[in-house]
Amino acid sequence: MLLTIKTYHHPATDIGFLLHKHPDKVQSFSITGGKVHVFYPEANEDSCTVAMLMELNSIDLVRKLKVPGSSSLLKHYINDRPYVASSFTSHAIAKVFSSALNGKCANRQDLLETPMSFDVKISVLKVRGGLPLLEKIFQPLGYIVSAEQHPLDENFEEWGSSPYYTVLLQTKSTKYLKALLTHLYVLLPVFDNEKHYWIGKNEADKLLQRGEGWLAQHPEKEWITRRYLKNFSSLSKYALKKMLDDEYEVIEEDVVALIEPEKVEKKQNLHQQRLNAALEKLKESKAKSVLDLGCGEGKLLRMLLKESQFERILGMDVSFKSLQRAKEKLYMDNMAPRQKARINLIQGALTYYDERLKDYDAAAVIEVIEHLELDRIPAFEKVLFEVAKPQTVVLTTPNAEYNVNYNFLQKDSFRHSDHRFEWTRAEFQDWTKHVCETYGYSVNIFPIGEETERIGAPSQMAVFSISQ
Ligand code: SAH
């Protein structure tokens, strides 16, 4: 893989100071998976080109590196890694041009602030999306883009084109070398979409650091972020949230998984803990028929189906899309007839009188009430505790006090953008007390998730039963 950077700045050989690489020398460095050589094919006052040639040993990559990732490509001895710009290239840039990338130039500070114009040639970049995609990504950063697509095999024209391009980027206006290297560092692996190492929160922080000052304004910031972070939605959400300063929705479980990955690996994530706790209580209730109100994509429904105790299961949600997803995830179309006879999905709103909810032994309402407007809670109570009136109700909702532990949350904001309120433990307890007094139930409240002193657990669960 060959990357060249040419400048017409006068004197052009100044680029040697910035890169900390003498134009008369060829220098070689070891990097993960191989070697990188830096040399100057031309170096004079009018134009100077630096070349970075990366040599990777694809057998070593497979045998020694045990490159992670799902792509089978990286598990073959013959692969494209030595020839394409990838995360290895970013690694090489960071290694051989580290001071320039970090905006340092010990001997010639003045050059850091000197705009220069550059021609950058990347041989080759794997781009699924061709020139239009290249333009979408590089043009907003002030580059003129041209690209030559290579055939799959020059000897077999009929095989058609490959996804590999030689790409030329020219700076429209003048640019600093640091900005140029930063763009390459972030964007080359984004096109390639393979990473040669495991990625975690560090990688998201690295993106935020390298993207500072340009990524947040880029019209394709979401795509770039997702691809850079290999489509790990939790990492992307975290990065976008930080980058866009709270405009972005973050799902609490994702962030917990992100902040404390070790814990999540060992423990189930919070949502799974909620579902397990709810299932346990439903089983204890000896219910034979159960409602899952606000069933979403059917996570609890799937667990209920596995328990033969539950002979009749009804999932209800206001969102048609969620119900469709539930239907797919439960493989309802291919279900054995006996299983299918046990379950039904209906669309409905929990704040409207609904006869269909009558005659069930138990109901689960998992992380739903906080999606209702506070002034609709009385209507919801009536529907559940007066109309449906199951013997047992298992209901969970976030504990607002715990939010201080999520330092990504602004003060007084909710964990999810669709939440209309979040209750403290005292507020939840008051509401359950009111339900019991009004509708003749008794209640027990349980914490869900690890408890922290004074602020309690992340989630809270009430188990109501009709008083004898
Ligand atoms: N109980 C599920 C989903 C929780 S997300 C689980 O634990 O995985 C909240 C769900 O409540 C969403 O699917 C949303 O569509 C649903 N919801 C919100 N308001 C509703 C209403 N008024 N009636 C019924 N469902 C509602």
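Count residues from 1 along the sequence. Remember, it's 1-based here, ligands and their atoms both numbered in the order they're listed.
- With hydrogens and angles disregarded, no donor-acceptor distance shorter than 3.5 Å links the side chain of T392 to the backbone of A362.
- Taking a cut-off of under 4.0 Å to the non-hydrogen atoms of V368, the atoms of ligand 1 that pass are 11 (O).
- Set against the non-hydrogen atoms of S319, the atoms of ligand 1 under 4.0 Å away are 15 (O).
- Looking from atom 5 (S) of ligand 1 to the surrounding protein, the closest heavy atom is E367 O, 3.7 Å.
- Close N/O approach between L350 and ligand 1 is found [any backbone or side-chain N/O within under 3.5 Å].
- The side chain to side chain contact (heavy atoms under 4.5 Å, CB included) test with M1 is passed by exactly one of V124, I122, V36: I122.
- When the heavy-atom distances from atom 18 (C) of ligand 1 to H371, R274, Q272 are ranked, the shortest goes to H371.
- Seen from the ring of F428, K433 does not count as a face-on cation partner, given the 6.0 Å and 45° thresholds.
- Stacking of K281 on the aromatic ring of F446 is recorded, both the 6.0 Å distance cut-off and the 45° axial limit being met.
- Where the criterion is an N or O separation shorter than 3.5 Å, residue side chain and backbone included, H271 meets it with respect to ligand 1.
- Note on ligand 1: G348 sits in its first shell, one or more heavy atoms being nearer than 4.0 Å.
- Defined by atom type and a distance below 3.5 Å, a donor-acceptor pair is present between the side-chain atoms of H150 and T166.
- Of the polar atoms of L372, none of the N or O atoms is found under 3.5 Å from an N or O of ligand 1, judged by distance alone.
- Of the protein's heavy atoms, G294 O, 2.7 Å lies nearest to atom 1 (N) of ligand 1.
- Of all the atoms in ligand 1, the ones that sit under 4.0 Å from a non-hydrogen atom of C295 are 2 (C).
- In summary, the side chains of H434 and E437 do not present any donor paired with an acceptor at a separation below 3.5 Å, with no hydrogens or angles considered.
- In this structure, the protein non-hydrogen atom closest to atom 15 (O) of ligand 1 is D317 OD1, 2.6 Å.
- Side-chain atoms of H218 come within 3.5 Å of backbone N or O of I137 as a donor-acceptor pair.
- Atom 25 (N) of ligand 1 has its closest protein heavy atom at V318 N, 3.3 Å.
- Here is the list of ligand 1 atoms found below 4.0 Å of a heavy atom in A349: 23 (N).
- A side chain to side chain contact (heavy atoms under 4.5 Å, CB included) with L101 is found for exactly one of L184, L177, T182, namely T182.
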